[in-house]
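Contents: one structure, followed by commentary.
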2 protein chains.
Amino acid sequence: MSTQRAEPLWLSLSDQVESELSRLPAGAPAPSEHELAARFGVNRLTARAAMQELERRGVVRRYQGRGTVVARKVEYRIGPDWIPSWTRTVAAAGVEPRTVTEDAATRRARNDERAELDLGGHDRVVQLDRLRLCDEECAGYQTSVLPAARVPGLRDVVGVGGSVYEVLTEHYGFAPGRVWTRVEQISAPGWVARRLGMRGRPAVVLVRGRLDCQRTGAPLELTFAWLRADMFDVIVEVGEWKRLPAPIPVRKADAS
Amino acid sequence: MSTQRAEPLWLSLSDQVESELSRLPAGAPAPSEHELAARFGVNRLTARAAMQELERRGVVRRYQGRGTVVARKVEYRIGPDWIPSWTRTVAAAGVEPRTVTEDAATRRARNDERAELDLGGHDRVVQLDRLRLCDEECAGYQTSVLPAARVPGLRDVVGVGGSVYEVLTEHYGFAPGRVWTRVEQISAPGWVARRLGMRGRPAVVLVRGRLDCQRTGAPLELTFAWLRADMFDVIVEVGEWKRLPAPIPVRKADAS
DNA sequence: CCCTTCAGCTTGACTAGACAAGTTAGCTCA
DNA sequence: TGAGCTAACTTGTCTAGTCAAGCTGAAGGG
């Protein structure tokens, strides 16, 4: 208390609370701000700052009116050795997954989609918008865009919560070939935050993917997935580098 | 003001300030908390909450005593088509890079290192600890571990700011073979935060890598790099998947 | 029995004020 | 001139309090 503080009160408080909570299972209730303030003899705002820090660390999740609960992030691995299945990944972490198909509509392809999907000027695409839920809480939002001509009647075939991957292979007989994926952490755009039911611009992990047909090599599907960064611990693995750098042009005092 | 607020004050304030700052170059000074509070007629803590939100979004960086400045993240791309060079990546973004070698010592290998580097019970390793600076500000911390027997005298060969990659190829004649990399976003452990000169447990991107010798396939280098998440926008690309899932075991209501 | 209402809890938002810590620029003094 | 100190500014920390928003469960009425 009166020792010379190198650390602010809220920080040491959050460290202490974190070590206490680490022994509790996910979903267990954390002490309330009021209770913490009373226990440590500090102002409610100080206790609040500590809990907000724990929320940033992903240790707890806070709900207005309901309280604060212990949280565990779901490990979401992406790499050349696994095809990630959202449903199975979440279920393996002991969390109940659910998928809600929000929209499935046919429209004209945008310019960037024509280029990526190898389409002509008047070709149409099917867009699937899906909400990903973890224990009935909004955890991610995903859009898939496919060439309408190659998947006729897709919006009728994919039911609520249906698997695009499964439909492609079983119903249309496509063998999926190469898959390209790109991952980055960003602040969610406003319209994504709204669909996730969150205010402001929460941190999300954007996963972009492209699936090609194995036989013809033609692109079959473009995917954008926004995953809440506070609910997922995304681990990306890069396989072998294809293009190794030539040793010559590397300058002195450069990094490996 | 008196319209029915769906949004809290600090959020709309931060959105407004962000759009103003988006027109300014990196390094430009942002308005102070006091100035903002006066301009919008709110309490300093409310203006402060807005600027803290912008700091979370990576729009500004704040320094006690000095003020708040506009920030731009450095795009750091990792993927099968590029070997990332920290120095060149940072310099390409218009930021001045610098590397400080903190320590270079020989010691016994730990158990996990023996397994990963394919070493025997008494083999020794060289560990290089390097600080990565952006415009003289601490931006990352990196450790490299190499088998001492394969790089004799490394600590004398690598000077301050020297390149491990360059030394391996030019001085020791190793042609680097495959490179494996794994990326994840975490809260920095205490000792990493201290070396980065930061308090608490700031968000960092942990990049782990392994470099093998092309000719023999023997592991040459293990790398851990902690990059400040507020300074780098790490984009990871995964190439082709090697193992495609069999269509049969995919269950109903599963994700693509 | 079910449904509504409300009391009591939670977190969220905001204000007013005080002091501490750290940086910078300029002024003063040797 | 040069070194050092100070004043003025910044962000950081913390307190005390008020009201709002949202959820839950219990009490009460139909």
Side-chain angles (χ1 to χ4, degrees), chain A residues 1-15 17 21 27-56 59-71 135-138 197-200 202 230, chain B residues 1-15 17 27-56 59-71 135-138 193 197-200 202 230:
Chain A
M1 291 307 170
S2 58
T3 66
Q4 45 171 4
R5 281 208 306 272
E7 256 194 358
L9 247 179
W10 61 267
L11 227 185
S12 54
L13 216 167
S14 71
D15 283 335
V17 173
L21 296 183
S32 72
E33 296 174 355
H34 184 79
E35 187 183 335
L36 278 180
R39 179 143 72 96
F40 291 93
V42 298
N43 190 274
R44 201 196 113 195
L45 278 198
T46 306
R48 181 177 174 78
M51 295 313 281
Q52 283 174 329
E53 166 72 13
L54 291 192
E55 188 177 37
R56 279 192 293 274
V59 175
V60 299
R61 266 199 291 282
R62 335 180 63 219
Y63 303 94
Q64 184 176 2
R66 211 183 331 160
T68 304
V69 298
V70 175
D135 284 340
E136 295 306 306
E137 183 168 2
C138 221
M198 305 179 78
R199 278 193 331 192
D230 61 332
Chain B
M1 286 306 175
S2 59
T3 64
Q4 45 171 4
R5 281 208 306 272
E7 258 194 357
L9 248 178
W10 62 267
L11 228 185
S12 55
L13 217 166
S14 71
D15 282 335
V17 174
S32 71
E33 296 174 358
H34 184 77
E35 187 184 334
L36 278 179
R39 178 144 72 97
F40 291 93
V42 298
N43 190 274
R44 201 197 113 195
L45 279 197
T46 305
R48 181 177 174 75
M51 295 312 283
Q52 283 175 328
E53 166 71 13
L54 292 193
E55 187 177 38
R56 279 191 293 273
V59 175
V60 299
R61 265 199 293 282
R62 336 179 65 220
Y63 303 94
Q64 182 174 4
R66 210 184 331 160
T68 303
V69 298
V70 176
D135 283 340
E136 295 306 307
E137 183 169 2
C138 222
M198 304 179 77
R199 278 192 332 191
D230 61 332

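Since we're looking at a predicted model, the values are computed, not measured. Chain letters run A, B, ... following the sequence lines, proteins first, then strands; residues in each count from 1.
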Atom-to-atom span, [atom1] of [X] to [atom2] of [N] - whole angstrom:
| X | N | atom1 | atom2 | result |
| --- | --- | --- | --- | --- |
| A:Leu9 | C:dA20 | CG | P | 15 Å |
| A:Arg61 | D:dC23 | CZ | C1' | 17 Å |
| B:Arg44 | C:dC14 | CZ | P | 16 Å |
| B:His34 | C:dG17 | NE2 | C1' | 13 Å |

Identify which nucleotide among C:dT11, C:dC14, C:dT15 has an atom closest to any side-chain atom of B:Trp10, counting heavy atoms from C-beta outward.
-> C:dC14
For [N] and [X] - does any side-chain N or O of the residue sit under 4.0 Å from the phosphate oxygens OP1/OP2?
| X | N | result |
| --- | --- | --- |
| B:Thr68 | D:dT11 | yes |
| B:Ser32 | D:dC9 | no |
| B:Arg62 | D:dG12 | yes |
| A:Arg48 | C:dT11 | no |
| A:Thr46 | D:dT15 | yes |
| B:Arg66 | C:dG22 | no |

Name the nucleic acid region contacted by A:Arg199, choosing base, sugar-phosphate or nothing; use a 4.0 angstrom heavy-atom cut-off, strictly under.
-> sugar-phosphate
Yes or no on side chain to side chain contact (heavy atoms under 4.5 Å, CB included) for A:Arg48 and A:Met51, after CA distance, side-chain angles and deciding distance?
-> CA-CA 5 Å; A:Arg48 181 177 174 78; A:Met51 295 313 281; 5.9 Å; no
On DNA chain D, nearest-nucleotide positions of A:Gln64 versus A:Gly41: which is more 5'?
-> A:Gly41
Which sits closer to the 5' end of DNA chain D, A:Leu45 or B:Ala30, going by the nucleotide each is nearest to?
-> B:Ala30
Are any non-hydrogen side-chain atoms of A:Asp230 and A:Arg61 less than 4.5 angstrom apart?
-> yes
Donor-acceptor contact below 3.5 Å, side chain B:Asn43 vs main chain B:Leu45 = yes
Let me see the working for B:Glu33 and B:Arg62 under side chain to side chain contact (heavy atoms under 4.5 Å, CB included), right down to the final yes or no.
-> CA-CA 11 Å; B:Glu33 296 174 358; B:Arg62 336 179 65 220; 2.4 Å; yes
